[in-house]
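For the numbers below, each heavy atom of this structure counts, side chains included, while hydrogens, waters and symmetry mates do not. In what follows, chains carry the letters A, B, and so on, assigned in the order in which the sequence lines appear, proteins first and then strands, with residues in each chain numbered from 1. In this text, all values refer to a predicted model and were calculated from it rather than measured experimentally.
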Amino acid sequence: MGVDLLQLGVSGLYTAQQQLSTTGHNIANVNTDGYSRQRVLQETQTPITSGQDFLGTGSKVQQIERVYDEFRYNELIFNQTLNSGAAATEVKLQRLDETMSLTGTGITDSLNELYAAVNSLIDIPGDIGLREVMLSKATTLSQNMESMQRTLSAEYNAVNEELEASALMITKISEQLASLNRDIVKASANEGTPSDLLDQRDGLIKELSTYTTVSTVETNDNALNVYMASGQTLVTGTTYFSVQAVVGDPQPEQMQMAIESVNGIQQKLLPASLGGSLGAIIEYRDGILSDTMNKVGQTAITVADAFNEVQSQGLDLNEMAGQNLFRDINDPQVMSQRFMAKGTNSGTISGAVQITDVNQLTGHDYSLTYLSGNYVLTDDSTGSTVTLVADNPAAPVGSRTYTTSDGFMFQELGGVPMEGDDYVIQPTRLGATHLDVELTNPEQIATSSIVEAYPSDNNINSATLAITSVDNSGAAGFPTNGSGVTVEVYESPVGTFNYQVLDSGGTAQPLFDSSGAALGTSATYTTGPLEFSSVGLSFSLTGTASGQTINAPEVYHIDYAFGEGNNTNIRAMADIADTKVADGDRSTISDVYETAVTSVGSAMAAARVESGAAQTLYDQAQARVSNTSGVNLDEEAANLMRFQQAYSASARVITAANEIFQTILQAAR
Amino acid sequence: MRISTSQFYSTNTTNIINRQSEVNQSVLNISEGKRVLTAGDDVVAATSIFNIRQEQALTDQYQTNISFAESRITVEETTLQSAENVMFRVKELVLQGNSVANDDAARKALADELEARFDELLSLANTRDESGSYIFGGYQTDSAPFEEQSDNSVSYLGDRGQRMTNVGPGVQVATSDSGDKLFMSVDNSVGDFKPTYTLNGAYDEVERAVVTNADIKDRSVYVPTGTPDDYTIDFATMTSGDMGVRVTDSLGTQVYPTLPMTEAVYVPGESISFNGIETTLKRPAQDGDSISLTPQDEIDSFGVIQSAIDWLNAPNGTGVDEAQRQLDLGHIIGDIDEVQKRLGNVRAEIGSRLQLTESQNERHLDYHLTIEKSRSALEDLDMVAAISKFEQQKLSLQASQTAFSQVQDMSLLNYL
């Protein structure tokens with residue numbers, strides 16, 4: 001007995017039909033994102049045995065295969081994460097680079113304009129109009145600093161907003177993944193391949209990988225367990241976790257990402273483990289952006305300190321001691337804002353940070369930990385640690401001060417530290433917001449020096465006595481109007497120089513060396529230059545002042561020099577422009593700001609290169625996946641032809657079977 | 001290798017987009033005319049460009065300072081020139097007044113003109129600049145530094161301050177001189193002492209001994225004995241018939257000649273030294289003449305003119321009175337010379353200050369130009385190169401667009 005030809009034809013028909021619909025499905029989905037083309041696998045139906053012969057019974061569809069290469073797909077996911085991280089970094093840095101280089105020139109320009117106004121006062125120190133111009137230039141500088149700080153803060157907040165938005169997206173994705181897992185498990189129960197659901201799930205994984213590093217493990221029942229951020233479980237089977245952006249500690253605005261389980265337990269995610277755009281923007285925020293804010297702050301602090309210092313050395317138009325031009329860098333409110341204690345600390349210490357030497361500031365952030373009874377300070381940028389030693393070990397706990405070699409001093413403001421407590425110190429982060437101009441009256445600009453040194457006409461040597469600083473204008477013997485002091489120096493015996501300071505009545509005044517130790521009312525020195533202080537002034541004598549024995553020493557008159565026409569102090573202010581006052585005597589004020597600009601530029605250039613490389617890798621991986629799983633219309637067109645023919649041929653077989661049957665029927669009539 | 005339809009389109013689109021982006025960047029650079037727009041474009045160049053701009057700002061500032069300084073210095077110079085002219089006229093008038101033929105009325109007229117010159121010098125000393133500051137007050141520029149007192153003397157109310165300005169890196173130039181330096185602390189023509197003559201009226205000779213100079217030559221030895229440290233030079237005829245000279249200090253102790261000699265022979269023109277002081281006397285002396293030396297190393301210009309006025313107002317004399325008048329005239333002329341010398345010296349200083357500012361200005365101009373060239377080389381766009389690159393990129397864009405349009409409609413379905 002043969003096999004029913006009709007059945008054979010029909011089976012061929014069904015198979016060809018299925019092929020055609022699958023081809024049609026592929027063609028319809030040629031532009032569907034993430035679609036993996038499907039292929040029908042045919043196989044022969046179970047043959048019938050007849051004697052020693054196996055008779056074929058036609059074809060059937062074995063399965064509809066999803067053309068998919070897992071390894072290529074995983075490669076794509078990996079490169080997607082890298083690419084999206086590099087692209088996010090590039091976009092952010094490009095913005096920052098433009099801000100610093102283009103709008104940021106406002107700071108350098110207004111600083112130069114302030115110097116120009118100072119220089120104009122050198123010409124006519126008493127002119128009220130010019131003084132007002134200088135105050136207004138100082139105000140413009142202060143406003144530009146503040147506006148730069150606002151812009152940078154806005155960038156900082158933009159990152160936080162992005163973190164929050166990303167958290168929502170990731171949570172939504174993980175919820176969808178969980179429900180897809182459920183559907184796929186159900187659909188796979190009968191050994192089929194729910195290709196379209198799988199494509200959907202892969203699409204979600206790809207989207208997730210833009211945010212963070214993703215790894216997946218397929219379970220036996222075709223569910224996919226998804227892990228993010230180098231190993232944190234996001235989805236297991238049908239259970240999903242949500243992701244939150246949480247406030248930081250101790251700085252609330254330093255937001256972090258956290259995974260939250262169903263029963264509300266939050267697990268913070270380490271930024272370094274995140275990868276993708278999340279990792280990139282957090283690294284940008286805590287890295288170059290924070291550095292830039294610190295450097296801008298350092299610039300502002302250095303400006304304030306330099307100008308205030310010169311003001312204090314002079315007298316204003318009303319013969320009063322020069323007051324601060326800018327807000328004091330160690331104003332109590334400002335000092336306490338530089339120190340933050342973590343909320344998880346068990347101790348109760350609160351503290352403040354006083355800047356002691358602007359020249360030693362690094363522009364870095366610091367972490368402080370209380371370990372085994374000592375404060376350990378870590379420089380966050382270099383990683384170096386130092387155990388701090390209290391300035392006065394006998395001081396009670398809660399009032400101790402610790403001087404560091406990075407230009408600031410930490411002081412306890414009450415409370416008790418506990419073992420393991422962590423604190424954060426940011427000496428310069430907020431500097432630019434505090435560059436407020438405090439002088440309102442233009443007469444208060446201290447253009448005049450307080451005292452001047454005049455060598456006597458009878459001096460025979462060319463030694464120079466300079467007044468290096470005014471330490472205490474209220475000191476006994478300090479030169480006043482009409483009553484100056486004289487410094488007398490002579491050499492006797494050869495090689496030994498004797499010096500003393502006499503007031504207007506001829507009485508010798510107490511002398512102190514450069515470290516403040518008392519030397520009596522007359523002293524000697526052998527090698528110059530000589531640094532000493534007396535009557536509230538510090539002096540420096542360079543050159544050889546031999547004089548002509550004790551009868552005729554070299555004489556220098558130190559007179560009270562206030563005058564409307566005295567421009568010595570305002571000249572010192574103009575000198576600030578090219579004096580190296582920062583980075584350990586290596587940088588001028590403008591240099592500090594410029595370092596910030598070039599750091600950003602350099603990071604930007606590097607990011608651009610990296611982004612280009614990452615994009616190339618991603619494109620290649622994408623190409624590989626697409627070339628395996630993507631639909632090729634020409635191929636499908638050819639298949640259409642093929643399967644149409646097969647269909648026609650099978651239809652013909654049915655016709656032939658029918659004709660055979662008709663013949664039999666005819667024969668039997 | 002199999003390629004999917006979506007990959008095909010994607011690759012081609014990416015190509016076109018990349019070409020477009022390059023073209024866009026070129027357009028941006030060309031329209032700005034700059035190669036380096038932000039630090040990210042070329043970090044090393046950006047650092048140099050910034051430093052150059054800062055140097056230029058500093059250099060420009062110095063040039064502004066130089067122009068301010070030059071105008072101040074020039075004002076001072078013109079004023080000093082007028083002051084010198086005043087002193088020339090003063091000397092002329094005094095010499096005119098010495099002619100014996102001049103009668104009292106004529107000398108009175110000269111004295112009147114001298115008074116006018118005195119006022120003129122006073123007004124010059126109180127010159128104000130365009131901002132209303134008194135230029136010769138030292139640091140005290142807000143009120144007139146020179147004030148005439150009721151006794152016709154002039155007091156200086158300013159100080160010794162000298163304003164400076166920065167005209168180059170580490171280079172400063174003075175933009176003022178104090179009235180003290182110019183008018184009040186002129187060197188005494190005699191030296192460190194002022195001589196006062198007490199002549200013996202018994203002798204009528206007009207020519208008498210005059211102190212040409214009296215200086216503290218060796219300060220290491222000089223020890224003042226009195227306050228003031230006066231010395232008296234006495235002339236007395238010696239038993240040998242020569243004129244003898246003897247010097248005593250303020251306490252009456254003989255300091256010259258060294259004891260036990262009570263007198264030394266007076267040799268006109270030879271210098272006498274005692275207590276580190278050296279003094280030279282010229283012309284023959286008369287017995288009984290005495291000269292008193294009072295420490296005074298500075299004279300003031302107004303005092304000199306006033307002395308000249310007083311001298312002209314005093315009547316001509318004869319004999320010992322004329323001798324006194326001639327001695328006084330000698331010292332007045334000497335002092336006028338010193339006043340002129342001081343003015344001349346300061347004008348010379350001013351001349352060298354202007355030379356300094358001029359040479360600094362030249363340097364700044366050269367420097368500015370040099371570094372501007374460097375900046376331009378780093379920052380500015382080489383237009384020619386940029387435009388040819390732009391043309392090239394445009395061509396690439398066109399090519400990729402053409403290629404795409406030609407292959408995009410090749411499909412098997414077109415033939416079915």
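Only the side chain of A/Thr568 comes within contact range of chain B, with heavy atoms under 4.5 Å apart. In this structure, chain B has a heavy atom under 4.5 Å from the side chain of A/Glu452, while its backbone stays farther away. With a 4.5 Å cut-off on non-hydrogen atoms, A/Ser626 touches chain B through its backbone and its side chain both. For B/Glu130, the part sitting under 4.5 Å from any heavy atom of chain A is the side chain, from C-beta outward, and nothing else. Looking at B/Thr175, there are no atoms closer than 4.5 Å to chain A (heavy atoms on both sides), in backbone or side chain. Neither the backbone nor the side chain of B/Val44 comes within contact range of chain A; no heavy atom of the residue lies under 4.5 Å from a heavy atom of that chain. Contact annotation for A/Val631: only backbone heavy atoms (N, CA, C, O) come within less than 4.5 Å of a heavy atom of chain B. Looking at B/Tyr222, the atoms closer than 4.5 Å to chain A (heavy atoms on both sides) all sit in the backbone: N, CA, C or O. For chain A, the nearby part of B/Leu37 is the backbone; its heavy atoms alone come within less than 4.5 Å. Neither the backbone nor the side chain of A/Tyr490 comes within less than 4.5 Å of any heavy atom in chain B. Only the side chain of B/Gln54 comes within contact range of chain A, with heavy atoms under 4.5 Å apart. When heavy atoms are compared at a cutoff of 4.5 Å, B/Asp159 approaches chain A solely by way of its side chain, counted from C-beta outward. Only the side chain of B/Leu58 has a heavy atom closer than 4.5 Å to any heavy atom of chain A. For A/Ala638, the parts lying under 4.5 angstrom from a heavy atom of chain B are both the backbone and the side chain. For A/Ile124, the part lying near chain B is the side chain, with the backbone staying farther off; criterion is any non-hydrogen pair under 4.5 Å. For a residue to count as touching a neighbouring chain, one of its non-hydrogen atoms must lie under 4.5 Å from one of that chain's; by this rule B/Asn51 touches chain A with the side chain only. Proximity to chain B (any heavy atom under 4.5 Å) is restricted, for A/Thr108, to the side chain, taken from C-beta onward.
Of all the listed residues (B/Gln61, B/Arg53, B/Met1), the one sharing the greatest number of non-hydrogen pairs under 4.5 Å with chain A is B/Gln61. Chain B forms more heavy-atom pairs under 4.5 Å with one residue of A/Leu102, A/Asn458, A/Asp457 than with any other, namely A/Asn458. Note: B/Arg160 leads B/Gln140, B/Met410, B/Gln172, B/Arg160 in heavy-atom pairs under 4.5 Å with chain A. Contacts with chain B were tallied for A/Glu594, A/Gln94, A/Met100; A/Glu594 has the most, counting heavy-atom pairs under 4.5 Å. Most heavy-atom pairs under 4.5 Å with chain A: of the set B/Gln7, B/Arg2, B/Arg219, this distinction falls to B/Arg2. Of the listed residues (B/Thr5, B/Asp218, B/Asp297), the one with the most heavy-atom contacts under 4.5 Å to chain A is B/Thr5. The most heavy-atom pairs under 4.5 Å with chain B, out of A/Met604, A/Gln548, A/Glu564, come from A/Glu564. Contact tally against chain B (heavy-atom pairs below 4.5 Å) for A/Thr549, A/Asn112, A/Asn119: the top residue is A/Asn119.
Two residues are said to be in side-chain contact when any heavy atoms from C-beta on lie closer than 4.5 Å; A/Leu76 and A/Tyr618 meet this criterion.
Using a 4.0 Å cut-off between charged side-chain N and carboxylate O, B/Arg35 and B/Asp41 make no salt bridge. Using a 4.0 Å cut-off between a side-chain N of Lys or Arg and a carboxylate O of Asp or Glu, A/Glu636 and A/Arg37 do not qualify as a salt bridge. Between B/Arg342 and B/Glu338 there is no salt bridge, since no side-chain nitrogen of the basic residue lies less than 4.0 Å from a carboxylate oxygen of the acidic one. With respect to the salt-bridge test (charged N to carboxylate O, under 4.0 angstrom), the residues B/Arg353 and B/Asp177 qualify. With respect to the salt-bridge test (charged N to carboxylate O, under 4.0 angstrom), the residues B/Arg375 and B/Asp380 qualify.
Using modelled atom types and a 3.5 Å distance limit, the side chains of B/Ser220 and A/Asn551 yield no donor-acceptor pair. With 3.5 Å as the limit, one finds no donor-acceptor pair spanning the side chains of B/Tyr9 and A/Asn31. Remark: the A/Glu319 side chain and the A/Tyr560 side chain contain an N/O donor-acceptor pair separated by less than 3.5 Å. Side chains of B/Asn414 and B/Asp409: no donor on one and acceptor on the other come within 3.5 Å. For B/Ser400 and B/Arg19, the side-chain atoms include no donor-acceptor pair closer than 3.5 Å. Side-chain polar atoms of B/Gln296 and B/Asn188 form no donor-acceptor pair below 3.5 angstrom.
Taking a 6.0 Å sphere around CD of A/Glu610, one finds it holds 12 or fewer heavy atoms contributed by other residues, nucleotides or ligands.
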Step by step, work out the ring-ring contact (aromatic ring centres under 6.0 Å, His included) result for B/Phe183 and B/Tyr156. CA-CA 9 Å; B/Phe183 303 109; B/Tyr156 179 63; 8.9 Å; no
If you apply the rule ring-ring contact (aromatic ring centres under 6.0 Å, His included), what do you find for B/Tyr62 with B/His364, and how did you get there? CA-CA 8 Å; B/Tyr62 286 135; B/His364 293 320; 5.3 Å; yes
